[in-house]
Q: 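Below you will find the structure I want to go over with you.
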Amino acid sequence: MPTLLHLDSSADLQHSRTRALTARFAEVWRNAGPDHLVLRRDLHRDALPHFPDPALHWPPRLRPAGAAPPLEAETLQRELIEELTDADVLLVGAPLYNYSVPSTLKAWLDYIHIPGVTVPFDGPTQPLAGRPAVVVSSQGAVYDPGTAQEGWDHAVPVLEIVLGASLGMAVTVVTVPLGLAETVPALADQRGRAAAEFAAAQETLAALATKLAATRS
Ligand SMILES: Cc1cc2nc3c(=O)[nH]c(=O)nc-3n(C[C@H](O)[C@H](O)[C@H](O)COP(=O)(O)O)c2cc1C
């Protein structure tokens, strides 16, 4: 069954733009056919415990002698990795929080980015190579090329490195800027651009969901 793993990490349960955009993608995926499943993991509502033990960054054969990570954390890590490797497509809602990803999403990355298991290390272990990952990012402000804040967004690059370069996934990023235009008076004159880019992102994501769902029927 074609399965979408749908992750959200926004702490905003009412007006979140990433939640609205990932929901649109998931809706199109679900409507592609009765066999198209969506597995949802809300990393804000059901936050993972922070990564508890450095030994869990490695499979047992690569851990230092005497390492004994907590059994429940190891079980959780196995579940998270299985959930990911069983999915046909990964969808990640990733708002920009303090120029980075929300800590809830970072915790998930810490559990699943494992050399020798999901990342090549002492062998060609890259079970997710070529698998599509769709990252939906929302910035409060704007980080356009040529502005003083160009390059300050460190959320998207870390996801491109971890999911793309390391795990080998085929990453597509859809970013909407100016999430704060509605509420911050200094950005009020940019509300038109914010709305237009949000509407365009909805279209882009619906088209991408249709395409990916069709290739995984
Ligand atoms: C804790 C926190 C930190 C934030 N840090 C930034 C930031 O560094 N840069 C920025 O442009 N916007 C920042 N914002 C604004 C959010 O990126 C923006 O509101 C975005 O739309 C949030 O995604 P969401 O609408 O899916 O919740 C921050 C918001 C919160 C709640």
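Just follow the structure's listing: the first ligand is 1, and inside any ligand the first atom is 1.
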Q: Do L91 and V101 belong together in a cluster built from hydrophobic side chains that touch within less than 4.5 Å?
A: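 Different clusters: L91 never reaches V101 through Ile, Leu, Val, Met, Phe, Trp or Tyr contacts under 4.5 Å.
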Q: Quick one: do the H113 and S166 side chains pair a donor with an acceptor below 3.5 Å?
A: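 Side chains of H113 and S166: pair found under 3.5 Å.
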Q: Give the numbers and elements of all ligand 1 atoms closer than 4.0 Å to a heavy atom of A141.
A: 10 (C), 11 (O)
Q: Where does V176 meet ligand 1, judged by heavy-atom distances below 4.0 Å: at the side chain, the backbone, both, or neither?
A: neither
Q: Among protein heavy atoms, which sits nearest to atom 31 (C) of ligand 1, and what does the distance come to when rounded to 0.1 Å?
A: Y97 CE1, 3.6 Å
Q: Got L7 and L5 here, is their nearest side-chain heavy-atom distance under 4.5 Å?
A: yes
Q: Identify the closest protein heavy atom to atom 14 (N) of ligand 1: which residue and atom is it, and at what distance?
A: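 Of the protein heavy atoms, L96 O, 3.4 Å lies nearest.
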Q: Heavy atoms, side chains only, cut-off 4.5 Å: are L21 and S138 in contact?
A: no
Q: Please state which protein non-hydrogen atom is closest to atom 7 (C) of ligand 1 and give its distance, to 0.1 Å?
A: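 Result for atom 7 (C) of ligand 1: N98 N, 3.7 Å.
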Q: Return the residue, atom name and 0.1 Å-rounded distance of the protein heavy atom closest to atom 8 (O) of ligand 1.
A: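 Here the closest protein heavy atom is Y99 N, 2.9 Å.
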Q: Report yes if some heavy atom in the side chain of P177 is under 4.5 Å from a heavy atom in the side chain of Q139; otherwise report no.
A: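 The answer is yes, as the side chains (C-beta and beyond) meet within the 4.5 Å cut-off.
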Q: Any N or O of T18 that comes nearer than 3.5 Å to an N or O of ligand 1?
A: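 For ligand 1, there is an N or O atom that lies under 3.5 Å from one belonging to T18.
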Q: Looking at the rings of Y99 and W152, which for Trp means the six-membered one, are their centres under 6.0 Å apart?
A: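 Between W152 and Y99, which both carry aromatic rings, the centre distance is below 6.0 Å.
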Q: Counting heavy atoms only, which of A181, A94, S16 comes nearest to atom 24 (P) of ligand 1?
A: S16
Q: Out of S9, S10, S138, whose heavy atom sits nearest atom 20 (C) of ligand 1?
A: S138
Q: Of the side chain and backbone of D12, name the one, both, or neither that has a heavy atom under 4.0 Å from an atom of ligand 1.
A: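 For D12, only side-chain atoms sit under 4.0 Å from ligand 1.
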Q: Nearest heavy atom to atom 12 (N) of ligand 1: which of G140, S103, P95 does it belong to?
A: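 Comparing heavy atoms across G140, S103, P95, the nearest one to atom 12 (N) of ligand 1 lies in G140.
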Q: Side chains of T22 and H6: do they bring a donor and an acceptor to under 3.5 Å?
A: yes
Q: May I ask you to identify the nearest protein heavy atom to atom 19 (O) of ligand 1, giving residue, atom name and distance to one decimal place in Å?
A: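 Of every protein heavy atom, L180 CD2, 3.8 Å lies nearest to atom 19 (O) of ligand 1.
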Q: Identify the protein heavy atom lying closest to atom 25 (O) of ligand 1, giving its residue, its atom name and the separation to 0.1 Å.
A: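 Scanning the protein heavy atoms, the shortest distance from atom 25 (O) of ligand 1 goes to R17 N, 2.8 Å.
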Q: At under 4.0 Å between heavy atoms, is it the side chain or the backbone of Y143 that contacts ligand 1, or both, or neither?
A: side chain
